[in-house]
Amino acid sequence: MIEPKGLLVVISGPSGGGKTTLWRLMVERYPDVVFSVSATTRQPRAGEVDGRDYFFYTKSRFQEEVANNTFLEWACVYGNYYGTIASYVDNLLAAGKNVLLDIDTQGARQIKAKRPEGIFVYIVPPSYEELVARITRRGSEDLEAVARRLQAVPDELKELGNYDYLIVNDDPEKAQQQLRCIMLAEALRVKRQDTSWLENFAREAKKA
Ligand code: 5GP
């Protein structure tokens with residue numbers, strides 16, 4: 001197996017927390033950051049592009065891929081299936097890219113079990129009112145779907161303890177800076193760096 005080099009960064013949080021805006025900003029700003037495009041059985045929203053936002057699958061195609069072990073994780077979220085394509089993520093990591101996954105808390109648990117080296121970041125809007133305003137403003141969900149997303153919030157918040165970082169997203173610019181800081185700091189962890197050259201360094205110093 002090829003040793004993964006890039007960072008695997010998971011972002012989760014209630015619908016309307018601004019995760020989509022955040023990953024789009026990150027990908028736009030930083031050439032080392034790429035988004036893990038998931039597969040879903042949800043219908044595309046206006047403006048969503050197949051292969052950029054999601055790979056839009058039929059239910060039967062999704063089931064086939066589950067049977068083929070294509071997914072690193074998958075879950076049913078708000079009545080639709082979503083899954084992370086393992087080869088997609090692994091190829092990018094092996095190429096040294098920092099890969100951002102926007103997935104729900106069930107998926108994050110699965111990733112954490114398989115990839116404990118992942119970095120887990122929880123994103124919340126600054127208030128409940130703002131969350132409602134964002135989901136409603138988007139206009140992409142019918143009333144029933146909006147209600148379903150809101151009803152899921154208490155359970156989603158219970159998962160916060162499984163995450164390493166919390167970003168209160170009251171401003172997308174600030175949120176992307178904070179996420180960038182997390183990534184830069186994580187990349188500097190001793191365990192993530194190749195320190196073999198320091199052995200030579202120590203040897204040379206001994207001779208002095
Ligand atoms: P949306 O339908 O608003 O794009 O996404 C709904 C929820 O599904 C969001 O919380 C998002 O993080 C989550 N999601 C998107 N892709 C995946 C995935 O591949 N796996 C899992 N488990 N959740 C996902």
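Order of listing sets the numbers, starting from 1, for every ligand and every atom in it.
- Between D104 and K19 there is no salt bridge, since none of the side-chain N atoms of the basic residue sits less than 4.0 Å from a carboxylate O of the acidic one.
- Counting heavy-atom neighbours within 6.0 Å of R109 CZ, excluding the residue itself, gives a total of 12 or less.
- A salt bridge links E186 and R189; the closest N-O separation between the charged side-chain nitrogens and carboxylate oxygens is under 4.0 Å.
- Following chains of ILVMFWY side-chain contacts shorter than 4.5 Å, one can reach F120 starting from I182, so the two form part of one hydrophobic cluster.
- Protein residues with any heavy atom under 4.0 Å from ligand 1: K19, S38, R42, R45, Y54, E73, A75, V77, Y78, Y82, G83, T84, D102, I103, D104, G107, R149.
- Under the 6.0 Å cut-off for aromatic ring centres, Y81 and Y57 do not qualify, their centroids lying 6.0 Å or more apart.
- In this structure, the separation between OG1 on T70 and CD1 on I85 is 7.5 Å, given to the nearest 0.5 Å.
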